[in-house]
Amino acid sequence: MRLKRTHYCGVISKENKGENVIVAGWIHGRRDHGGLIFIDLRDRSGIVQVVFDFQKNATFFEQARKLRQEHVIAVAGEIVLRSPDTVNPGLFTGEIEIAAAEMELLNASQTPPFYIEDGIDTDENLRLQYRYLDLRRPEMQEMLRLRHRTLMSARKHLDGRGFLEVETPMLTRSTPEGARDYLVPSRTFPGHFFALPQSPQLFKQLLMVAGVDKYFQIARCFRDEDLRADRQPEFTQIDMEMSFCSRDDVIQEVEGLVSSIFDDVLERPVETPFKVLPYVEAMERFGSDKPDTRFGMEIGDISSVAAASEFKVFKNMVQDGGVVKGLNVKGCAHFSRKDLDDLTSLARTLGTGGLAWMALVEDGIKTPIAKFFTSAQLESIKEKMKAEPGDLLLFVADKWETALKVLGQLRLDLAQSLDLVPEGTDHFLWVVDFPLLTYDQKEGRYVSNHHPFTAPHDDDYELLSKEPLKARSQAYDLVYNGTEIAGGSIRIHRRALQEEVFRLLDIGPEEAKEKFGFLLKAFQYGAPPHGGIAFGLDRLVMLMAARKSIRDVIPFPKTAAGTCLLTGAPAGVSAEQLAELHISTIKRNNNNGKG
RNA sequence: GGAGCUGUAGUGUAGUGGCCUAACAUGCCGGCCUGUCACGCCGGAGACCGCGGGUUCGAAUCCCGUCAGCUCCGCCA
């Protein structure tokens, strides 16, 4: 490399007029006019125009003619002002150009398989195979910067608040509960395995026992479950834990962190404190434990009217302990039969029997179930649903949770299609007072709602032995525009209580000792009260970047099937490697030959 | 594990039973061009329509299977 770079392309302005500079980068585009060639040269900072003039530089003009898309060059030349009629207002550097005086071709490039520019509509398959080219695109570079700035902001803020960044192991032990583990075979102990961490949960609790007091980590986590648009098997958490804290201490700390990040990175002020919604209220009003409160359409209840009606589907459901809940879809009484059929089939796929509807037209109520209700009952329904002429009412009769979840999903769906969700608004809220446990029908036992180390609500200790399902936890989720971006809890810090919770979860004393013995032991050596939270960094950045897929904010993501198209992982390994790890694989018929 | 959508030159699309010897744009290659910035003009190459089977006189088009990508349900303490 003869020419040593002096400037980045995208930052040169008329302030640099007359300077002799050397820039280096990729050929973004070229316009060959015969005796005059314009080159758009791109580096991570942006684009600058370089002009090759045959009359001034006949010697390397031939070389310039051969320049192609994505070739890498360095160019020396003088910054000159463009004449007013040739200024490009669409470019930061549009007022100037570099009059090439010398050029060095640093590397040629094959023609790239897609355009290196923003807003391309290329098969994601191809983008992932050539991720290094995809990442050259300005919007992807911006994503990398956004992610970087978010991490820097978080680090700076947490450091300022007295948090200590501590690393925890990636090779750890598999524990029951939670997601499927990624396993790593041990070479030295045949038949034994490490697991990659689903989160640093237990280590950060041990750090509290160790007296670290305030911990954080930008932690990579691994969960071997199926993927979604907002879920990758390998993801990053901003993980925090504090000692001697209450729920509200953690909440306050996190609100400080979030406003700091939004301030630093997006220069957008965030209003604190955030709203706090108990789980039951979130469900009752929005049919979700991560409600999108950017729009209304809250859920109503007509169970009492339904019970008194002659409509058996409603009546029986309420008598059997269920509920009848509904949505008021404002101004949508005109929905066609097909619209309603589509909604009904959506409701069915969401797990309920069907959907009842009432359309409020000018001269009354249009509904297939009119005959089951007295006019007084219909009036009462209208009142409960705050319905006016022109509104469409949708009802689901089911168990409390099912009815609300179905309506919650319909609410989101309708808001989407009716374009009710305002863009560019930041709605943060906390959901608290989750049930500590839920009953798993398949496994026939209680399972933790959050995780087994979550402390029960102070007022609900009594309930643990009597009515465990009624016990609330000290868990909290941070919801941003209808997406859960962080979750945490105050932890159990006493051995006896932890053992009691393990018992409830049907983790016997033997298993508890084997799997969590180290934690229980630690609790006997003066574990302080503590709690914490973890942010899904990828999701947070995705939302900050207003992207629909988490893959857009992860430099090297996996496909929906969990493969890496760039490297071809996962891949087979040699017999020697397997033998060393004491592993033999089982060939099945339907394993795509991937064995 | 289940459901749906998609797969046609390098890229993005059109073509939905015979008009297809597969079209258009862009990119690519060659030529011309001294003020372009989506430069322009002229010429050229480039696809057995993801793969395999079937139906049919005839398949890019219909059917079955399969692979890949995406989306959703289950799953994700």
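Below, chain A is the first sequence line, B the second, and so on; all start at residue 1. Computed from heavy atoms alone, side chains included, the values below leave out hydrogens, waters and symmetry copies.
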Atom [atom1], compared across [N] and [M]: separation rounded to whole Å:
{"N": "B:A68", "M": "B:G52", "atom1": "C1'", "result": "15 Å"}
{"N": "B:G69", "M": "B:U56", "atom1": "C1'", "result": "32 Å"}
{"N": "B:G74", "M": "B:A47", "atom1": "C1'", "result": "40 Å"}
{"N": "B:G27", "M": "B:A38", "atom1": "P", "result": "12 Å"}
{"N": "B:G40", "M": "B:C33", "atom1": "C1'", "result": "8 Å"}
{"N": "B:C48", "M": "B:A59", "atom1": "C1'", "result": "13 Å"}
{"N": "B:U26", "M": "B:C41", "atom1": "P", "result": "9 Å"}

Would you call [X] and [Y] a salt bridge, taking side-chain N to carboxylate O under 4.0 Å as the test?
{"X": "A:Asp134", "Y": "A:Arg131", "answer": "yes"}
{"X": "A:Arg136", "Y": "A:Glu70", "answer": "yes"}
{"X": "A:Asp40", "Y": "A:Arg31", "answer": "yes"}
{"X": "A:Asp506", "Y": "A:Arg445", "answer": "no"}

Pairing residues for A:His493 by the side-chain contact (heavy atoms from CB on, under 4.5 Å) criterion, not counting sequence neighbours: A:Ala527, A:Pro529, A:His530

Could you list by number each residue of [range] showing a heavy-atom separation from RNA chain B of less than 4.0 Å, or answer none if no residue does?
{"range": "residues 482-497 of chain A", "answer": "none"}
{"range": "residues 71-80 of chain A", "answer": "none"}
{"range": "residues 110-120 of chain A", "answer": "A:Thr111, A:Pro113, A:Tyr115"}
{"range": "residues 411-420 of chain A", "answer": "none"}

Strand partner of [N], provided both Watson-Crick or wobble distances fall under 3.5 Å:
{"N": "B:C70", "value": "B:G4"}
{"N": "B:C24", "value": "B:G12"}
{"N": "B:G17", "value": "none"}
{"N": "B:C41", "value": "B:G31"}
{"N": "B:G65", "value": "B:C51"}

Ring-base stacking, A:His33 with B:C39 (5.5 Å, 30° cut-offs):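 It does: the ring sits over the base of B:C39.
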
Selection from [options] that lies nearest to any side-chain heavy atom of [X]:
{"X": "A:Glu225", "options": "B:G69, B:U13, B:C75", "answer": "B:C75"}
{"X": "A:Leu36", "options": "B:U34, B:C72, B:C70", "answer": "B:U34"}
{"X": "A:Arg228", "options": "B:C72, B:U36, B:U34", "answer": "B:C72"}
{"X": "A:Arg231", "options": "B:C76, B:U71, B:C70", "answer": "B:C76"}
{"X": "A:Arg82", "options": "B:C76, B:C37, B:G12", "answer": "B:C37"}
{"X": "A:Asp226", "options": "B:C75, B:U36, B:C76", "answer": "B:C75"}
{"X": "A:Glu97", "options": "B:U36, B:C75, B:C70", "answer": "B:U36"}

Mind calculating the distance between [atom1] ([X]) and [atom2] ([N]) to the nearest angstrom?
{"X": "A:Phe54", "N": "B:C32", "atom1": "CZ", "atom2": "P", "answer": "12 Å"}
{"X": "A:Leu126", "N": "B:G50", "atom1": "CG", "atom2": "P", "answer": "16 Å"}
{"X": "A:Asp121", "N": "B:U6", "atom1": "CG", "atom2": "P", "answer": "15 Å"}
{"X": "A:Arg30", "N": "B:C28", "atom1": "CZ", "atom2": "P", "answer": "7 Å"}
{"X": "A:Gln232", "N": "B:G69", "atom1": "CD", "atom2": "C1'", "answer": "14 Å"}
{"X": "A:Asp440", "N": "B:G74", "atom1": "CG", "atom2": "P", "answer": "13 Å"}
{"X": "A:His28", "N": "B:G27", "atom1": "NE2", "atom2": "P", "answer": "12 Å"}
{"X": "A:Asp32", "N": "B:G30", "atom1": "CG", "atom2": "P", "answer": "11 Å"}

Polar side-chain atom of [X] near backbone of [Y] as donor-acceptor pair, under 3.5 Å:
{"X": "A:Glu225", "Y": "A:Arg180", "result": "yes"}
{"X": "A:Glu139", "Y": "A:Gly119", "result": "yes"}
{"X": "A:Arg411", "Y": "A:Asp292", "result": "yes"}

Toward the 5' end of RNA chain B, by each residue's nearest nucleotide, A:Phe38 or A:Ser549: A:Phe38

Closest-nucleotide ordering on RNA chain B, the 5'-leading residue of A:Gly35 and A:Gln69: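 Between the two, 5'-proximity favours A:Gln69.
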
Under-3.5 Å donor-acceptor pair between A:Arg551 side chain and B:G69 base: no

Scan [X] against the nucleic acid and name what it touches under 4.0 Å (heavy atoms): base, sugar-phosphate only, or nothing.
{"X": "A:Asn125", "value": "sugar-phosphate"}
{"X": "A:Thr175", "value": "nothing"}
{"X": "A:Asp123", "value": "sugar-phosphate"}
{"X": "A:Glu124", "value": "sugar-phosphate"}
{"X": "A:Asp53", "value": "base"}

Are any non-hydrogen side-chain atoms of [X] and [Y] less than 4.5 angstrom apart?
{"X": "A:Val48", "Y": "A:Ile96", "result": "yes"}
{"X": "A:Asp460", "Y": "A:Leu436", "result": "no"}
{"X": "A:Leu343", "Y": "A:Leu414", "result": "yes"}

Trace of the side chain to side chain donor-acceptor pair (under 3.5 Å) decision for A:His451 with A:Arg491: CA-CA 9 Å; A:His451 60 51; A:Arg491 329 294 184 187; 3.3 Å; yes

Below 4.0 Å: OP1/OP2 of [N] and any side-chain N or O of [X]:
{"X": "A:Gln55", "N": "B:U34", "result": "no"}
{"X": "A:Arg31", "N": "B:U36", "result": "no"}
{"X": "A:Thr122", "N": "B:U11", "result": "no"}

Pair A:Thr59-A:Asn57, side-chain donor/acceptor within less than 3.5 Å: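 Looking only at side-chain atoms, A:Asn57 and A:Thr59 do not form any donor-acceptor pair under 3.5 Å.
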
Selection residues 113-135 of chain A - residue pairs positive for ring-ring contact (aromatic ring centres under 6.0 Å, His included), sequence neighbours left out: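 Checked against ring-ring contact (aromatic ring centres under 6.0 Å, His included) - neighbours excluded - no pair reaches residues 113-135 of chain A.
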
Pair A:Phe61 + A:Phe52: ring centers closer than 6.0 Å: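 No.
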
Audit row: A:Thr168, A:Gln217, side chain to side chain donor-acceptor pair (under 3.5 Å) steps and yes/no: CA-CA 8 Å; A:Thr168 56; A:Gln217 181 178 197; 3.0 Å; yes

